[in-house]
Amino acid sequence: MPAYTPPLRDMQFVMHEVLKVTEELKVLPKHADVDAETINAVLEEGGKFAAEVTFPLNINGDEEGCVLDKSTHEVRTPKGFKEAYAKYVEGGWAALSCDPQYGGQGLPFVVNQCFYEMLNSANQAWTMYPGLSHGAYEALVAHGTDEQKKTYLPKLTSGEWTGTMCLTEPHCGTDLGLLRTKAEPQPDGTYKLTGNKIFISAGEHDMAGNIIHLVLGRLPDAPKGSKGISLFVVPKFNVKADGSLGSRNGIYCGGLEHKMGIHGNATAQIVLEGATGTLVGEPNKGLAAMFVMMNAARLGVGNQSLGLTEVAFQNALAYAKDRIQMRSLSGVKAKDKEADPIIFHPDVRKMLMTAKAYAEGGRALAIYCTLLLDKEHHHPDEKVRKDSGEIVALLTPIVKAFITDNGHISTNACMQVFGGHGFIKEWGMEQFVRDNRINMIYEGTNTVQSLDLLGRKVLGNNGATLKKFGKLVAKLVEEEGVNEKMSEFITPIAVLGEQLTKFTTEIGFKGFQNPDEVGAAAVDYLRVAGHFVFGYFFALMARVALAEIAAGSTDPFYQAKLQTARFYFAKLFPETATLMRTARTGSAPLMNTDAALA
């Protein structure tokens, strides 16, 4: 059976020693009183909830899965899920970062980020039920009417109700311009929605009293394509004027998908038969409103793979220390045993360190992005709000795609550490691999994220936002460029920064002549950009560790951080050279393949 220990020390290191989050929060009137002790106390309790309440349900939830009663269209979640959710609501965890005017605790997003990392490590399938509610909450805060906010936000905040996003249809996934769900206006100002949605995570369950679906549909006179999409809020149960539940709405689960992983989450086929909904935002501008939820979900998906990378690493490390196989190539290490623990074999260490480095780099990036969200929403300076929003938009596809790709690499590597036992269900490792695999697909496949990064976020504004992030790197290089002890961390990112500028310009020029050049280079480009970002954070973390050691600290944590940073720059970061080389081969080797693909 696997085990899980919340990585509180590393979270505290990133927040308090590297990013100085409380100093950043002091400038925000809404969070000026939030101190490190409060953050640490909340996350310590959150870690206990994850490890003690949801983690024990993970394997059984995977084995049992969800069950649909086709006569009632009700879904029963795995044993213990409903009770764990009741404890989640009772503990106030749903309200952690929600606005106090809706009953929330008003804590920063950065606290919620760390809490959800631990929940994802413990049980990704369970965590998706409350996790999607946050996106629905944010979309309604940004675009809901006063009546919608009054009706739905207090219940989403408390966790009494959960939320979903209903986008995908059987004939269209990413290309939402093709969707067919119809929305007919009614005399009372509501709409009747008819259509079919698929792949709706947490689309039906027995854990909450109501499910609030955010549904994309088309008005009768809507223009074709994405410019004719509107957003509607469609509750499972209609809500009366006094806030109590009324009649069952015409939206129900027609079937459950049989999936590779996340079996404990109900991935529903949703049928709308004259379901009553109300318009969110303006007619035909629903995609912009839904993007609030979609962007939140993309950051959330990166967090899912971060959680799985961490828990897979912890279990692989423990196994490698205990499992004996062969003697070390450099001589006997365990004289009292018949063989040496496999942790003394170089390639086992490579696999372990790959997962450790990708977890720690991903954690730094994820925490940084949620700090940017706090600044975007609450900083008193308009320019800081604008800059924070632009940088988090740039980094969102990297969080989603780079961290989930790395999660795939890491969970597979950790399963490999177990050898044959990793392929056996009882150890839990193969579940981490299966659960992670969806993260590279949903909320926009990682190729779509790569196109978004290169085509829209970088080339779309001539690299202006990329230059803003580049200035942060340049500032660090300027500050530490003459520090000999930092050279092994600074030189690689300084060199890559120069290469990335040239690389971007080349792709942009070729793409202007042939758009397929952008499509051919995008996936490689995102990984290069991801390493550039990770490299920056590893350099920041190494700087803090070196300073603490120089000040006399004997805490082995700092030596471990330096060793991880050195491994990252020596063994993982150099992938950028190959990626840039393959990207520069262009689209011809891909598109001139008609005979090969006939």
Side-chain angles (χ1 to χ4, degrees), residues 135-136 138-140 142-145 164-186 190-201 203 213-234 251 269-275 277-298 301 393-394 396-397 400-401 441-461 508 511-520 522-523 587 591:
E138 293 295 341
L140 290 174
H143 294 281
T145 64
T164 75
M165 51 196 296
C166 296
L167 290 75
T168 305
E169 298 185 0
H171 61 283
C172 69
T174 301
D175 190 357
L176 293 171
L178 298 176
L179 68 82
R180 298 171 185 158
T181 296
K182 297 177 181 178
E184 297 283 346
Q186 303 299 302
T190 64
Y191 296 81
K192 292 293 184 184
L193 285 91
T194 303
N196 294 277
K197 302 288 184 177
I198 61 169
F199 303 159
I200 308 307
S201 300
H213 301 278
L214 291 188
V215 182
L216 291 181
R218 291 188 180 280
L219 298 170
D221 58 349
K224 291 184 178 181
S226 60
K227 293 182 180 179
I229 298 174
S230 299
L231 179 63
F232 303 87
V233 57
V234 183
I251 182 170
Q269 302 164 11
I270 294 293
V271 179
L272 297 104
E273 292 184 345
T278 54
L279 184 68
V280 179
E282 298 180 41
N284 304 324
K285 294 185 178 179
L287 209 51
M290 183 58 99
F291 258 110
V292 174
M293 189 170 189
M294 290 166 69
N295 284 328
R298 288 168 178 174
V301 171
L394 173 78
T396 293
K400 198 281 179 183
I441 297 173
Y442 60 12
E443 305 312 333
T445 65
N446 286 1
T447 298
V448 169
Q449 303 304 318
S450 301
L451 288 167
D452 178 49
L453 174 69
L454 179 55
R456 183 179 295 130
K457 305 292 174 58
V458 176
L459 299 179
N461 66 1
F512 182 76
Q513 297 174 310
N514 177 9
D516 275 343
E517 294 293 330
V518 174
V523 171
S587 63
M591 305 310 291

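Numbers here are sequence positions counted from 1. The figures here come from the full heavy-atom set of this structure, side chains too, leaving out hydrogens, waters and symmetry mates.
To the nearest 0.5 Å, atoms CG (Leu219) and CZ (Phe232) are separated by 4.5 Å. Taking CG from Leu176 and CD from Glu169, the interatomic distance works out to 8.5 Å, rounded to the nearest 0.5 Å. Within the model, atoms CZ of Arg180 and CG of Asn196 stand 10.0 Å from one another, a figure rounded to the nearest 0.5 Å. Taking CZ from Arg298 and CD from Glu443, the interatomic distance works out to 7.5 Å, rounded to the nearest 0.5 Å. Interatomic distance, CD1 of Ile251 versus CD of Glu273, reported as 11.0 Å (0.5 Å rounding). With rounding to the nearest 0.5 Å, the separation of CG in Asp175 from OG1 in Thr168 is 11.0 Å.
Put simply, the side chain of Leu167 reaches to within 4.5 Å of the side chain of Met294, judged on heavy atoms. Residues Arg218 and Leu179 meet the side-chain proximity criterion, which asks for heavy atoms closer than 4.5 Å. Side-chain contact between Leu394 and Leu453 is present, with at least one heavy-atom pair separated by less than 4.5 Å.
Contact record, Leu272 with Lys197: CD1-CG, 4.1 Å, taken as the closest heavy-atom pair. Taking each heavy atom of Lys192 and Gly274 in turn, the nearest pair found is CD-O, 3.2 Å. The shortest non-hydrogen separation linking Ala183 to Leu193 is CB-CG, 4.0 Å. Here the closest heavy-atom approach between residue Leu287 and residue Ser226 is recorded as CD2-CB, 3.8 Å. Scanning all heavy atoms of the two residues, the minimum distance from Leu454 to Ala522 falls at CD2-CA, 3.8 Å. Between Asp516 and Ser587, the shortest heavy-atom distance links the atoms O-CB, 3.8 Å.
Applying the salt bridge (Lys or Arg N to Asp or Glu O under 4.0 Å) test to pairs two or more places apart or on separate chains, those with a residue in residues 280-297 are Glu282-Lys285. Residue pairs meeting the side chain to side chain donor-acceptor pair (under 3.5 Å) criterion with at least one member in residues 450-460, sequence neighbours excluded: Asp452-Arg456, Asp452-Lys457.
Side chain to side chain, Asn446 and Lys400 meet the donor-acceptor criterion of an N or O pair below 3.5 Å.
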Test side-chain contact (heavy atoms from CB on, under 4.5 Å) applied to His143 and Leu231, step by step: CA-CA 10 Å; His143 294 281; Leu231 179 63; 6.0 Å; no
Before giving the answer on side-chain contact (heavy atoms from CB on, under 4.5 Å), spell out for Leu216 and Thr181 the whole-Å C-alpha distance, their side-chain angles and the decisive distance to 0.1 Å. CA-CA 7 Å; Leu216 291 181; Thr181 296; over 6 Å; no
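Around NZ of Lys182, the count of heavy atoms belonging to other residues, nucleotides or ligands within 6.0 Å does not exceed 12.
One N or O on the side chain of Gln449 and one on the backbone of Gly444 form a donor-acceptor pair closer than 3.5 Å. With Gln269 contributing its side chain and Ile198 its backbone, the two residues share no donor-acceptor pair below 3.5 Å.
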